[in-house]
Amino acid sequence: MAERTLAEQLGGPLPDGIEALPEDARQDLAAALRDARHRQAKALAQAGEDGLKYVPALLRGAVRKAVGL
């Protein structure tokens, strides 16, 4: 999978201050943003699974499917 540029990750043109950074610094920032988003997605998935503990066992499959887990 090709890694997305910082501008692609942000969904638009870079602010002037970030645009002025050297290319290697922008690549580091893009990698940090990508890693943060992966950690956030993992944490959200874990929170969803943890929330299912409060749903009766017989309904968990249906609830999981309904909320897209």
Side-chain angles (χ1 to χ4, degrees):
M1 177 172 86
E3 294 181 358
R4 294 175 13 171
T5 65
L6 185 57
E8 290 170 338
Q9 289 185 56
L10 295 176
L14 296 176
D16 292 337
I18 294 175
E19 189 67 46
L21 293 171
E23 181 61 29
D24 61 331
R26 286 191 307 238
Q27 289 176 356
D28 289 345
L29 188 55
L33 181 60
R34 186 173 35 260
D35 292 345
R37 287 189 172 167
H38 286 195
R39 286 191 310 273
Q40 180 185 38
K42 186 177 178 180
L44 286 170
Q46 185 62 48
E49 288 296 324
D50 289 347
L52 286 174
K53 293 177 184 175
Y54 300 101
V55 175
L58 291 174
L59 297 175
R60 287 182 191 158
V63 171
R64 191 176 274 119
K65 186 175 180 179
V67 298
L69 292 176

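Owing to the predicted nature of the structure, the values given are computational and were not obtained by experimental measurement. Scope of the values below: all heavy atoms of this structure, side chains included, with no hydrogens, waters or symmetry mates.
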For this session: Identify the two heavy atoms, one from Arg4 and one from Arg34, that lie closest to each other, and give their separation to 0.1 Å.
Result: O-NH1, 3.6 Å

For this session: Any pair with a residue in residues 17-29 that passes salt bridge (charged side-chain N to carboxylate O under 4.0 Å, His left out), sequence neighbours left out, goes on the list, sorted by first then second residue, please.
Result: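 Every salt bridge (charged side-chain N to carboxylate O under 4.0 Å, His left out) pair that includes a residue of residues 17-29, provided the two are not neighbours, is Glu19-Arg26, Glu23-Arg26.
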
Exercise. What side-chain hydrogen bond (donor to acceptor under 3.5 Å, both in side chains) pairs are there with at least one residue in residues 57-69, not counting sequence neighbours?
Worked result: Glu49-Arg64

For this session: Not counting sequence neighbours, which residues clear side-chain hydrogen bond (donor to acceptor under 3.5 Å, both in side chains) with Asp35? List them please.
Result: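 Checked Asp35 against side-chain hydrogen bond (donor to acceptor under 3.5 Å, both in side chains); zero matches.
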
For this session: Report the distance from atom CD1 of Ile18 to atom CG of Leu6, rounding to the nearest 0.5 Å.
Result: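 If we round to the nearest 0.5 Å, Ile18:CD1 and Leu6:CG are 6.0 Å apart.
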
For this session: Could you tell me the separation between the OG1 atom of Thr5 and the CG atom of Leu29, rounded to the nearest 0.5 Å?
Result: 11.5 Å

Under the side-chain contact (heavy atoms from CB on, under 4.5 Å) test, which residues partner [X], sequence neighbours left out?
X     : result
Ala32 : none
Leu44 : Gln40
Ala25 : Leu21, Pro22

For this session: Can you establish whether the number of heavy atoms outside Asp50 located under 6.0 Å from its atom CG is more than 12?
Result: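 Yes, enclosed.
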
Exercise. Can you get from Val67 to Val55 by hopping between Ile, Leu, Val, Met, Phe, Trp and Tyr side chains that sit under 4.5 Å apart?
Worked result: yes

For this session: Please name all residues satisfying salt bridge (Lys or Arg N to Asp or Glu O under 4.0 Å) with Glu8, sequence neighbours left out, ordered by chain then number.
Result: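 Scan of Glu8 (salt bridge (Lys or Arg N to Asp or Glu O under 4.0 Å), adjacent residues dropped) gives none.
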
